[in-house]
Amino acid sequence: MSERKVLTKYYPPDFDPSQLKRVRGPKATGPKVQTVRLAAPFSMKCTSCGEYIYKGRKFNARKETPQDEKYLGIQIFRFYIRCTRCSGQITFKTDPKNQDYACESGAKRSTEPWRVGLEETDEQRLDRLEREEQQEEEEQRNAMVELEAKTVDAKREMAVADALDEIRTRNARLERANADGVEVGVAAPVDTDAERQDKEDAEAAKRAFEFARQVDSMTEELPDDDGVYDNNGAASSSASTSSSVSAFTPETSGSPAPKPESAAASRDMPPPSFKRVVKKKKDHSAKLGIKKKPSLV
């Protein structure tokens with residue numbers, strides 16, 4: 001068996017390379033022809049035997065390129081095939097004008113109802129294209145209008161939903177107030193958290209300053225001594241203390257007068273302070289019976 005790739009060739013003993021002469025024949029004239037594999041571009045009927053050839057059937061055809069047939073600079077090609085029954089020659093060529101194929105000889109194209117009436121002039125084609133462009137523009141414009149209308153409808157629905165929620169909330173509050181027997185008035189405007197905190201801080205500071213001022217006035221009126229009183233002095237001090245305390249306490253019918261002990265306690269009480277006090281930790285080890293080791297330091 002011979003090798004597939006032969007590097008050396010066999011030359012017979014009587015081979016004479018001088019007897020080889022290059023023969024230059026005339027170039028082929030006429031259109032260029034080449035063999036191609038193609039499928040039938042349309043359904044057709046052979047005029048010789050009546051055989052039907054359907055679209056998509058494959059053939060080994062000859063492709064011809066005529067140099068003198070062009071449409072707006074586009075080359076037209078011609079194809080030659082054989083009938084599958086009678087081997088009759090069938091010819092068809094390309095039609096760039098209509099973007100289709102045209103049957104020339106040997107067969108007749110089958111009737112295609114959807115292609116009837118498609119022959120139109122250049123003016124008709126331009127008019128049709130203009131109408132299609134106008135329709136596309138109108139469709140786009142209508143789409144924008146519909147989108148704007150949908151947006152407006154969505155906003156309106158959201159506003160209606162918010163109003164309904166507010167009405168439901170108000171009705172529920174009224175029903176709850178009627179059930180509890182409480183009169184309902186107009187709700188005060190809700191302050192923000194920052195404003196509410198500021199008001200609370202201002203009220204606390206005002207109360208603290210007022211309390212400190214009362215304590216100072218009470219300490220000024222009370223006698224400042226070591227707590228040793230005689231009979232007259234005790235009576236006079238108790239009277240002055242009761243009168244000074246009654247000046248700062250609201251008058252109530254049937255309420256007893258404050259005692260000197262309470263006045264002394266209020267005098268000894270320090271003014272309020274807002275300083276942070278750190279609580280000492282409780283020693284729970286003694287309760288649990290744990291003895292701590294003494295520190296070595």
Participant: Output all residues satisfying ring pair (Phe, Tyr, Trp, His ring centres under 6.0 Å) with Y10, sequence neighbours left out; order by chain, then residue number.
Facilitator: none
Participant: For I90 and G106, work out which heavy atoms get closest and say how close.
Facilitator: CG1-O, 3.7 Å
Participant: Rounded to the nearest 0.5 Å, how far does CG of D162 lie from CD1 of I167?
Facilitator: 11.0 Å
Participant: Less than 4.0 angstrom from a charged side-chain N to a carboxylate O is my criterion; do R128 and E132 meet it?
Facilitator: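 Salt bridge present between R128 and E132.
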Participant: Please report the shortest heavy-atom distance between C83 and I53, naming the atom on each side.
Facilitator: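 Closest pair (atom of C83, atom of I53, distance): CA-CD1, 4.5 Å.
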Participant: I need the full list of salt bridge (charged side-chain N to carboxylate O under 4.0 Å, His left out) pairs touching residues 57-86, with sequence neighbours left out, sorted by first then second residue.
Facilitator: E51-R85, E64-R78, E69-R78, R78-E104
Participant: So if you build clusters from Ile, Leu, Val, Met, Phe, Trp, Tyr with side-chain heavy-atom gaps below 4.5 Å, do F77 and V36 land together?
Facilitator: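 Same hydrophobic cluster.
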Participant: Hey, is CZ on F209 packed in by over 12 heavy atoms from elsewhere, all under 6.0 Å?
Facilitator: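 Count not over threshold, so no.
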Participant: Answer yes or no: is there an ion pair linking E203 with K206, defined by an N-O contact shorter than 4.0 Å?
Facilitator: no
Participant: Is the closest side-chain heavy-atom distance between Q75 and P66 below 4.5 Å?
Facilitator: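 Q75 vs P66: side chains touch.
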Participant: Rounded at 0.5 Å granularity, tell me how far OG1 in T94 sits from OH in Y101.
Facilitator: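 Separation between the atoms: 7.0 Å.
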Participant: About how many Å separate CZ of F59 and OG1 of T84, when rounded to the nearest 0.5 Å?
Facilitator: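 The CZ atom of F59 is 5.5 Å from OG1 of T84, to the nearest 0.5 Å.
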Participant: Using residues 11-26 as the side-chain source, report each donor-acceptor pair under 3.5 Å to any protein atom, sequence neighbours left out, with the distance given to one decimal.
Facilitator:
| unit_1 | atom_1 | unit_2 | atom_2 | d |
| --- | --- | --- | --- | --- |
| D16 | OD1 | S18 | N | 3.3 |
| D16 | OD1 | S18 | OG | 2.7 |
| D16 | OD2 | S18 | OG | 3.0 |

Participant: Kindly indicate whether the side chain of F92, heavy atoms from C-beta on, has any atom under 4.5 Å from the side chain of F42.
Facilitator: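 F92 reaches F42 side chain to side chain.
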Participant: Quick check for you: to the nearest 0.5 Å, what is the distance between D127 atom CG and R125 atom CZ?
Facilitator: 11.0 Å
Participant: Below 4.5 Å, heavy atoms only, C-beta onward: do R196 and K199 meet side chain to side chain?
Facilitator: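 Contact flag for R196/K199 side chains = no.
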Participant: Which heavy atom of L38 sits nearest a heavy atom of A61, and at what distance?
Facilitator: CD2-CB, 3.8 Å
Participant: Heavy-atom count check: over 12 atoms from other residues, nucleotides or ligands less than 6.0 Å from Q34 CD?
Facilitator: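 Result for CD/Q34: enclosed.
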Participant: Could you tell me whether E146 and K150 have a side-chain N and a carboxylate O separated by less than 4.0 Å?
Facilitator: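 No, no charged N to carboxylate O under 4.0 Å.
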Participant: Just verifying a value: how many Å separate T91 OG1 and I81 CD1, rounded to the nearest 0.5 Å?
Facilitator: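 Result: 8.5 Å between the selected atoms.
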Participant: At their closest point, which heavy atom of N60 faces which heavy atom of R37, and how far apart are they?
Facilitator: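 Smallest heavy-atom distance, with atoms named: OD1-NH1, 2.9 Å.
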Participant: Enter the distance from N142:CG to Q135:CD here, rounded to the nearest 0.5 Å.
Facilitator: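 It is 11.5 Å, given to the nearest 0.5 Å.
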Participant: Apply salt bridge (charged side-chain N to carboxylate O under 4.0 Å, His left out) to the pair E210 and R213, showing each step before the final yes or no.
Facilitator: CA-CA 5 Å; E210 185 68 23; R213 192 180 300 109; 2.7 Å; yes
Participant: Quick one: closest heavy-atom pair of Y54 and A40, and the distance?
Facilitator: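 So the two residues come closest at O-CB, 3.7 Å.
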